[in-house]
Every structure is written in structure tokens, then in C-alpha cells.
Amino acid sequence: MTDKKWVYSFDEVNLAEGYVSGSWEGVRALLGGKGSGLADMTRAGVPVPPGFTVTTEACNAYQAEGKFPAGMWEQELEALKKVERQTGKKFGDPGNPLLVSCRSGAKFSMPGMMDTVLNIGLTDVTAKGMVKLTNNPRFVYDSYRRLVEMFGTVVLGIADEAFEAPLAEYKQKKGYKLDTEMTAEDWKAITTTFQAVVKKEQGFDFPQDPIIQLKLATEAVFKSWNGKRAVDYRKATNIPDDLGTAVNIVTMVFGNMGEDSGTGVAFTRDPSTGERKMFGEYLLNAQGEDVVAGIRNAEQIDHLNDSLPEAYKQFMQITDQLEQHYREMQDVEFTIEHGKLWMLQTRNGKRTASAAVKIAVDMANEGLIKKEEAILRVTPEQVDTLLHPQYDAKAMEVAKKEGRFYAKGVNASPGAAVGQVYFDANTAEKQAKQNKQDVIMVRPFTKPDDVHGMIAAKGVLTSEGGATSHAAVVARQFGIPCIVGASQIKIDLENCLMSVDGKEVKEGEWVSVDGTTGEVYLGKIPTTAPNLEEQTDLLTLLKWADEICATPGMRKFAKGWPTKGLQVWANADYPKDAQRARTYGAVGIGLCRTEHMFFEKDRLPIVQRMILAENPEDRKAALDELLPYQRADFDGLFRAMDGYPVIIRLIDPPLHEFMPDEEALLEEVITMRVKGETAGLAEKERLLADIRSMHESNPMMGLRGVRLSIYMPQIVEMQVRAMFEAAADCAIDGVVVKPEVMIPLTGTVNELKWIQPRLIKIADTVMAEKKVNFTYKFGTMIEIPRAAVTAGEIAEYAEFFSFGTNDLTQMTFGYSRDDAERNFLVTYIAEGILPKNPFQTIDRTGVGRLMNMAIEDGRKTRPELEVGICGEHGGDPDSIEFCHIAGNNYVSCSPFRVPIARLAAAHAALKHSGKGLAEDK
Ligand code: PEP
Ligand code: MG
């Protein structure tokens, strides 16, 4: 014999807690999720049917020895005696039989993966007794045949078909379609048939001794821990194999014992809206499955007050108690047997995104949880859902059933869009603007001169490109749902159609583009459109998130490093983006891509003239024309961001991007030559030659960024002048300006040494001219690995670093950011060669390591160095957490992602400071 305790009655949770030194985690590990929950409810005084739990330790000992550990079975029998005393019923007693269920329950829920046997204790003798007691032979023999079947399959390992086939045959003979047509006599006959199946398959009779039923059922649950289903599930969900399952023996209670009995399921708050109102259904004289199966129309829970007022009152009081106890919305199952209420289960309820926000905020306001917990209970993904139009869930189901799924790509910008497809930017814009159509712009990929079509469209779909491709970046910036790299789609631009496996969609036909999942559907799926300003609970939650991040001491770093949490800034090119960024809660602009302004229709010809200028005078004339445009753009940004920093990046892309398409021009020239048209031909030929001379084999690694500034400094000189003139004018008007000039694509400090003093001179000259003074910063993007590893030197010049993680990822991996995601990267992720898409989530071990090095070395040189990130990762929760750990001051992302980032930043701060993390049951 051994003194070891293998079995805990539901009222012995204190002993279990003592054994594991008080930790609730430990209790869950010992008694499993279900067992610890039932025991915890029992302790709280909630009526739970009496029962006990055989521990996971017993399961592990069984696995090791191949038999019950010494003392376990005796303890189980003792516990059963206690249940008999508690219920006044007796196992095997025909006068008042005790029936129990035997249920598995591991530490982590493994739904349906292990086994359960119900109605243990029914035998030929007790069944007769039950009939007398309940006056309901149909119910009794239905229960009995279920026991024989479950026992046969689960415990004895007989195949399901051995039971299903004779039942089907019986029903057919009787002309029944449904089980509900079966009478008491029918179920009795089936019970006999099933017993014969056991005898035939196993060579012995179905056990008529309830104790043997219990013993074999307990053993079967232990064995099911190593069943194939359970092993596969654990592998897929990373649940360790050595946890073992507990076995719960629970007294059966029945809701189908007459009109004073019933059963139901309920949520303590409305799971779709979050409203504080009991939400649920019940049925009188019914079993649990009847409610779930919807065989009969269930009643709304508040009507229970009319039929069983006492039970209802107790139910309301208990569910309130459970919510207070677990400090979470509960999803409960209950049964009323002869007017007596029993709680069979309670767990945290699943809910929609908007209910999650409302419940979290309400519970904090009710004092049930702390604000920190409220923040942690909402995920950034849920916030994302709330900010973008969503498909009507039912309509989406229908579309799937109807086989309207068309293709899948990278989910580049979330939200639901429905519209008519057009295959070029001009037509897309025209149909949207002139004909007021909802448009989906479809292209193989997009370029800067497609932006007008994208902005006019409701959604964008490309067959090439990845999460940081032009289409993706622009779509996110403007909050347009977008899918990129849907490579099954073949686009025929000439005939204005696309096809997948021969299924064609022609210009003007409708599709639905789900930027959240990356899925394209044929036809229209209705959507619902949310609005942040109206979502007061979400605004409250985000305000709390900001307060967390603004608390000093959230990070413990060396002197000069940030001690608060992360700030959230936005990537915004235009004043209206900056205004939106402010509305969404951004406290700075982390990236203004100035070249985007060059692509506007009235400016592009001037930009082209500037690029093609043959002498400095002509170039200066063109730049002088551009200056007022840039000044006006910057002016709007400074005013929108009054009091907050604005980082303006100097021109970055290679110049050929501003020129007409080489192939199209060549075609035009050839056509003119063939047709003998001479007017304008020479000019076009010259232009073609110029474009060809700019050709680079590898333009992303070519004449761009700071290299272009050094090669052709007049452009950035104009930009800095425009920026400081705008800042000075705003300052004169009383706007608090904090301009920061950002130099892109730096690889060596000598580049900064060369360009920065010239630009500072311009800044100071403008301030002197305008007779105003304000502070400003000069800094650089860190996008090239060499810049990261020489950050100590670079920080001698740069007052701030902003990680351009799009390019930094591209250059660290050597993967093209425009191409990788539509071919090998997909395979790499599927094969587990890469855990995640590194263009969406920072690769902490590689790119992250470079970032850590750059921040540390940079701050060694300049302790107060301001550090941010402005690549697409700035809006990704996992990457935001990394930036918090790494010591960034802020993250910058598209205005539409700012709310998500604010919540993610608070999550990171809470997680890593350890503040606000209560142990939840
Ligand atoms: C980056 O490279 O991360 C970045 C923000 O710059 P761009 O995407 O404009 O190259
Ligand atoms: Mg870049």
C-alpha cells in the first residue's frame, strides 16, 4: 500500500492546492481543466453534482506500469461511497440507482480527443428500477443503449459500425427516418441487440456489475491519452505528452424527468454585443443534447422565471457569483432535476470582437478587473477587425457553400471590399469617379503611377508582389483592402479578363476581396462598415493603453534609453493622412515618403523635366517650380501635427521610376516609325535613349537613397528648403513644429558627413531669413546591414535612427521584397524553413539582431538617440513587442493600423513589466 493520494473528491480542492503548494496552475495540472473547474465551483458553494477526480499523476503511473498504481482503485471506491452518501443514491441499487459519467480532462482542453462514458451504473436490474422511478421507459432504455454502445466502442474497442449497422437496419424495417420516432419498446429491443453485439465481438457479456463498468471505463480514459487522435492533437498544438489526463466521475443528473426538470446553456453577457444581460436558452423536460441539437424550439432564458421561478432565481444568483469569481464572462451549462438546479460546466465564453471590447471596458468600470487586465483581454487582431468593413458572416458561409471561392493571396491590407473589376488604373478611376461604381482594381502588380486608380478603388488585387510590395504599402496607407501575390490568377490585360483554372472574370464583373484573410470570392458578399469615432468603448480602451505606455518605469534600461513604453507614430504622406493619424491617436509622423508627391499628375511632368535637364540652370528652374508644391504639402503636415514630431524623408527611389514605361515608349516609337509618322518622333526617340541610359540591372541596389542625394544634391536641397520654409511659416503662425529630416539608405557614415552639413546650412539659412528659431533633428534610416553594424559611427552624425525594416529584411536575407512572397517564400513557410513571413513579422534572430546591435552601438555614441521603425513591421503586434524589448522610442505604421499598434504596445509593456498580470482561473 501507499499513502499517495490519487483521488480527490470535488470538495477536496484545498487538499489538492496544498499538495501543489498553492498554485492554481499546479491544481489544473493535477486535476485537469474540467476537474479543477468542478472542484473550484464546489468550493465556491455552487451546486455541482457530487463526484471526484482521479489525478493526472495516476494516469502517468498507469502509463508507466501498465496497471493502476497501488492504492488508486481502493481510493476510487472510497470516493464513490462518499458520492453515494452525498446523493442518497446507491450504485447498483434498483430502488434508487446512482448513475455516473466518466469523463477525461487534461490540463489543456483537447476537445473530443479523448473518451467519455455516460450512464455508468445502468444494468438490466437498475434500468427496471429507473423506469419505476421516472415513469419514462423511453428515456431509460435510450440511456441504457447509449451506455452499451459507448462502453462497447470506447472501453472494449468494438468498431462503431458494429452498433450503427443493426440500428440502421432496425429503423429501416420500422420505416423510421429519425431517432425521435423510436419508442420505449424500440430502444429496449436495441439495447438487447447491442448487448448481443458485445457478446459476439468480445465473447463475454456486457458487464452487469456497475463496479466493473466503472473500473474498465476509468482504464479506458487513461488509455485514450495515448490514442492516435489525442497524440496527433498534442503534436499539432504543442501540448506535452507527459501531462496525462485526469478522470472525472460525476453523478448523472437528468433534465428530462418531467415538467419540473429542464436543461439549458447560457452566457452571462451577450456574446455578440457584450451587453450585460443573461443570454441563453433552456428546455423543460429535456436533455442537454436537445438544446444543442435544436430538435425542439428552445425558450429564452428569462422565461424560466415563469416556469420555475425558484430555480431561475438561484440560477441568476449563481451565474453572477461565477462571473464575480472568475472575473470573466461565463458560458455555463445547467440541468434542473425535479426543481433542483445543478451546474455542469462553467468556462470563459467565446465572443465577437466588439463584445470583447465592451465586456473588458465594462468589467473594468464595474471594478471587477483592473484596466491593465481589460487591455490584455482584447487582442490587436480584434481591434483590427473592428476598424475594417467585414463580410456578413452568414453571407460568407453561403458564398463558401456555393463554391464561389476563387483564389487566395497574401492578406496585405485588411478589410472587406466588394466591387466590379477593372484592369488598369485609369479605367478604375473613371468608373469609380464618373460612373460611381464600386471598383476592384486588378493588376499583376502596381507602380507609383497606378496610385490614382488604387485610391479610387474599394479594393486592390494583384497576382504578384508581397506584403511590402508597392500595392501592399499604398493600400495599407489608405486603408484599402488589398490582396497581393494571388499567383493562381492569370491576368490577361489585353482582353481585360482574369482566370483561375479556366474560370474567367471579365471587366465589369463583381468580386469580393477579403484583405483580412487573403481570399477572393466571385460575386457580391454584403459587408458592414464600422467607424472608430462611434466606438466609444474601443476609444476608452485605447486611452487606457496609452496611459500604460506613458507610465515611467515600464522599461528598465541604461541611462538615456526610454523608460516608458512605446509611442505610436504614423507613416503619412499627405495632410489628410496626418489628420487621420491624429484622430486614430498617433503622436508623431515617423515617415513621410516625399517622392509620393512627385507622382501627382500636375507635378510628374516637372519632375521628368528636372531629371532630363541637360544643364544645372534647367534643373534648377524645374526644381524651383516644384518647391511651392512641396512646401504646401509640408505646411499641411506640420499644422495637422501641431506639437508633435514630423519626420520627412528625402527622396529615395531610383529616378527611372518617375519616367514613362520603357516598353510602352519603345512600342510607340516603333509604331510611329512603321507608320512613317515623324511629328514628335525625334523627341520620343531622345526620351527613349535617356530612359535606357538610366537603366540599371539591379535598381533597388542602385542609384537611390542618399546615393542619389550625393549624385544630384539639388533635389534634396530643394526639399530641405521647402521643409524649413513651411516649418518657419507655421512657427510664425504659432504652430509648434518639430521637423526631423531623414536621410534614406545610408551605408557609411561618410555619406552623412558629405551631405548633412550642406543641408543643415540650408535649414539655418531659412530660419535666419524667416527670423524664427525652432529645434530640428537630422537622422537616418537604417536599412542596410552595413549601417546597422557601423551604427556607432553613424550616430556621430545621426540624431535619430529609423529602421526601414522592409529594405533591411530584403538586404539581410537577400530576398527581393517584390518577388519572394509569390514564389519560394510560400514554400519556405509551408515547409517550416521560415517560421513566419519575415516581411510581415520581424525576424528576431537575424534582422532583430542587427537592430539590437545598431541600437546599442548607436546609444553608446549618443545616449539620447531617438530610435523608431517605419517599415511595414511597425503595425505588426509581434514586431511591436520586439521593438519594445529592443528599446525603440516609437513604432510608426499606417494611420489605419495606429489603434492596433497602440494596443499591441500596451500589451508588450504589460507583459514585460509584469504589471497587471493577475493569475486567472
Ligand atoms: C523600409 O525600407 O522599410 C522603408 C520604410 O522604406 P521604403 O518602404 O519606402 O523603401
Ligand atoms: Mg526603404
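Just follow the structure's listing: the first ligand is 1, and inside any ligand the first atom is 1. All figures in this text were calculated on a predicted structure; none of them were measured in a lab. FYI, side chains are in, hydrogens and waters are out, and symmetry mates aren't considered; it's all heavy atoms of this structure.
- The atoms of ligand 1 that sit less than 4.0 Å from any heavy atom of C870 are 5 (C).
- Taking 4.0 Å as the cut-off, R817 counts as a neighbour of ligand 1 on heavy-atom distance.
- With a 4.0 Å cut-off on non-hydrogen atoms, T805 touches ligand 1 through its backbone and not its side chain.
- Here the two rings, on F634 and F724, have centers that are 6.0 Å apart or farther.
- Seen from the ring of W561, R859 counts as a face-on cation partner, given the 6.0 Å and 45° thresholds.
- Of all the N, O or S atoms in E783, the one closest to the Mg ion (ligand 2) is OE2.
- Between D807 and ligand 1, an N or O atom pair is found at a separation short of 3.5 Å.
- Every atom of ligand 1 is numbered from 1 in the order shown, and the set under 4.0 Å from a heavy atom of M781 is 4 (C), 5 (C), 6 (O).
- Between D642 and R639 there is no salt bridge, since no side-chain nitrogen of the basic residue lies less than 4.0 Å from a carboxylate oxygen of the acidic one.
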Quiz item: Could you go step by step and tell me if R603 and E625 meet the salt bridge (charged side-chain N to carboxylate O under 4.0 Å, His left out) rule?
Solution: CA-CA 9 Å; R603 308 184 195 183; E625 262 185 80; over 6 Å; no
Practice problem: Applying salt bridge (charged side-chain N to carboxylate O under 4.0 Å, His left out), run through R758 and E717 and close with a yes or a no. | Solution: CA-CA 8 Å; R758 292 162 205 254; E717 284 165 6; 5.4 Å; no
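- Atom CD1 of I880 is separated from atom SG of C893 by 6.0 Å, given to the nearest 0.5 angstrom.
- Residue D807 approaches the Mg ion (ligand 2) most closely through its N/O/S atom OD2.
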Would you be so kind as to tabulate the donor-acceptor pairs closer than 3.5 Å made by side chains of residues 748-755, with sequence neighbours excluded?
unit_1, atom_1, unit_2, atom_2, d
T748, OG1, N750, N, 3.0
E751, OE1, G747, N, 2.7
E751, OE1, T748, N, 3.2

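- Counting heavy atoms under 4.0 Å from ligand 1, residue L808 does not touch it at all.
- Residue contacts with ligand 1 leave out Q810, since none of its heavy atoms falls under 4.0 Å from the ligand.
- Under a 4.0 Å criterion applied to the non-hydrogen atoms of L591, ligand 1 contributes the atoms 5 (C).
- Heavy atoms of R649 approach ligand 1 to within less than 4.0 angstrom.
- No close placement of the F778 and Y797 rings is indicated, their centers lying 6.0 Å or farther apart.
- Listed by number with element, the atoms of ligand 1 under 4.0 Å from a non-hydrogen atom of R593 are 4 (C), 5 (C), 6 (O), 7 (P), 8 (O), 9 (O).
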